[in-house]
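I have placed the structure first, in the form of structure tokens, so that the comments after it can refer back to it.
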Amino acid sequence: MPTKTILILGGTREAFNLAGKLNQDYRVITSLAGRTKSPKTPAGELRVGGFGGAEALSDFLVSENIDAIVDATHPFAATISRNAAEAATLANTPRVMLQRPPWQASAGDHWEEFPDLQVAAMNLRANTRCFLTIGWQELGVFKARDDVWFLIRMIDAPTTPLSLANHEVVTGLPRASSDDEKNLMRKYKIDTLITKNSGGALSAAKLEAARELGIRVMMIQRPQASAGDVVKTVKEVKRWLAYKMLNLSCPE
Ligand code: NAP
């Protein structure tokens with residue numbers, strides 16, 4: 001019977017994989033924000049929905065006897081990561097962030113970096129055809145650009161009409177093969193791709209496709225990460241937990 005309880009803040013493939021790896025040795029609770037309609041169910045226990053801020057998250061840590069938090073949220077989910085950092089301090093709970101490394105441009109890429117979506121929206125060229133792979137929450141930033149046509153990819157179809165003047169929606173996950181991404185970009189005559197620098201292999205095929213088609217990539221830089229321990233892989237989380245649970249200091 002596992003004696004230690006780990007809270008995984010999820011919403012990423014890594015968080016899902018991590019729950020499967022830790023479930024044998026720990027009681028694992030994965031927390032999801034509840035943004036997608038039918039998320040894959042991770043191993044262990046699942047809770048869904050916001051906590052109600054940092055203090056409420058801290059109360060949850062205490063009431064559920066959480067021994068450690070693994071913040072495996074998306075690198076752009078800055079609010080929950082900030083809350084997790086504050087809650088961990090309040091409840092005196094060890095915390096580690098699992099963050100995939102960002103993508104790096106390579107030869108043949110036409111990337112321009114932007115600090116956020118607002119600045120990218122201002123720098124979009126008029127009369128272009130832009131592929132947006134940024135989810136649905138921040139689409140409003142592009143509302144004023146009625147001189148641009150957008151192809152918008154979302155996991156679930158929107159339930160209310162989008163505020164963008166000229167657009168089409170494609171639903172589903174990123175395509176795994178760059179050929180499929182190229183076909184999509186060719187079909188819609190895309191000349192610009194706007195994406196967040198999420199990192200990871202799962203959604204990297206679009207970048208390869210953009211490189212091969214010579215498409216302009218407007219890359220949104222990651223927000224500043226919260227301070228604290230950071231690891232890059234599920235294996236490193238396991239090692240970090242092993243050290244923390246034994247109260248040893250983590251080796252470099
Ligand atoms: P966010 O802006 O950092 O968080 C907004 C609020 O959503 C938080 O204050 C929290 O509500 C709630 N929340 C977020 N993640 C949660 C979690 N794992 N469990 C419980 N509550 C959570 O987050 P976001 O950017 O909207 O992302 C939401 C979720 O989608 C995250 O879990 C993230 O991993 C995933 N995701 C995000 C992106 C992205 O581009 N941002 C991409 C892919 C996946 P309370 O304050 O009420 O606790």
Side-chain angles (χ1 to χ4, degrees), residues 5-19 28-42 44-64 66 68-91 93 95-100 102-103 114-118 120-121 131-142 152-156 158 171-174 193-204 206 218-226 228 230 234 237:
T5 303
I6 312 301
L7 174 65
I8 300 175
L9 297 173
T12 58
R13 176 64 64 96
E14 289 81 359
F16 177 87
N17 292 343
L18 181 66
V28 174
I29 305 174
T30 296
S31 173
L32 299 178
R35 300 278 191 271
T36 46
K37 248 196 291 179
S38 322
K40 278 174 77 180
T41 309
E45 299 167 38
L46 177 65
R47 69 161 300 286
V48 181
F51 293 93
E55 273 187 43
L57 174 51
S58 161
D59 293 344
F60 180 89
L61 298 177
V62 174
S63 64
E64 289 290 330
I66 304 295
I69 309 179
V70 183
D71 177 357
T73 57
H74 191 270
F76 281 79
T79 307
I80 186 67
S81 291
R82 248 192 335 268
N83 288 352
E86 200 181 321
T89 305
L90 287 171
T93 307
R95 173 187 63 102
V96 67
M97 284 170 282
L98 170 57
Q99 291 239 323
R100 22 174 138 133
W103 294 311
F114 295 91
D116 55 43
L117 286 168
Q118 211 139 12
F131 186 17
L132 278 180
T133 62
I134 59 162
W136 54 270
Q137 289 187 83
E138 295 159 284
L139 287 174
V141 162
F142 296 92
I152 301 160
R153 180 155 62 201
M154 299 178 177
I155 295 177
D156 300 313
T171 53
L173 290 167
L193 166 69
I194 297 188
T195 183
K196 297 174 179 176
N197 196 338
S198 307
L202 195 69
S203 58
K206 63 184 174 221
M218 300 176 76
M219 183 63 75
I220 311 302
Q221 294 164 332
R222 291 181 176 192
Q224 174 107 37
S226 307
V230 182
V234 165
V237 174

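Small disclaimer: the values here were computed from a predicted structure and weren't measured. Order of listing sets the numbers, starting from 1, for every ligand and every atom in it.
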If the cut-off is 4.0 Å to any non-hydrogen atom of [X], which atoms of ligand 1 fall inside it?
X    : value
S31  : 17 (C), 18 (N), 19 (N), 20 (C)
Q137 : 26 (O)
T79  : 1 (P), 2 (O), 3 (O), 4 (O), 9 (O)
A78  : 3 (O)
G10  : 18 (N), 31 (C), 32 (O), 33 (C), 34 (O)
K196 : 39 (C), 40 (O), 41 (N)
L32  : 17 (C), 18 (N), 19 (N), 20 (C)
N83  : 9 (O), 46 (O)

Top protein contact for atom 26 (O) of ligand 1, by heavy-atom distance: R35 NH2, 3.0 Å
Considering only the protein, which heavy-atom contact is closest to atom 27 (O) of ligand 1, and what is its distance?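 Looking at atom 27 (O) of ligand 1, the protein heavy atom closest to it is A77 CB, 3.9 Å.
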Option nearest [atom] (shortest heavy-atom distance, choices [options]):
atom                    : options        : result
atom 22 (C) of ligand 1 : G135, A84, A33 : A33
atom 41 (N) of ligand 1 : F76, F60, F51  : F76
atom 10 (C) of ligand 1 : V48, I80, T36  : I80

So for ligand 1, is [X] a polar contact partner (N or O within less than 3.5 Å, distance only)?
X   : value
T12 : no
G53 : yes
T73 : no

Would you call F16 and I8 a side-chain contact if the rule is heavy atoms closer than 4.5 Å? no
Less than 4.5 Å apart, side chain to side chain, heavy atoms only: is that true for R153 and T171? no
Using the salt bridge (charged side-chain N to carboxylate O under 4.0 Å, His left out) criterion, which residues pair with E138? Sequence neighbours excluded.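 For E138, the residues satisfying salt bridge (charged side-chain N to carboxylate O under 4.0 Å, His left out) (neighbours in sequence not counted) are K196.
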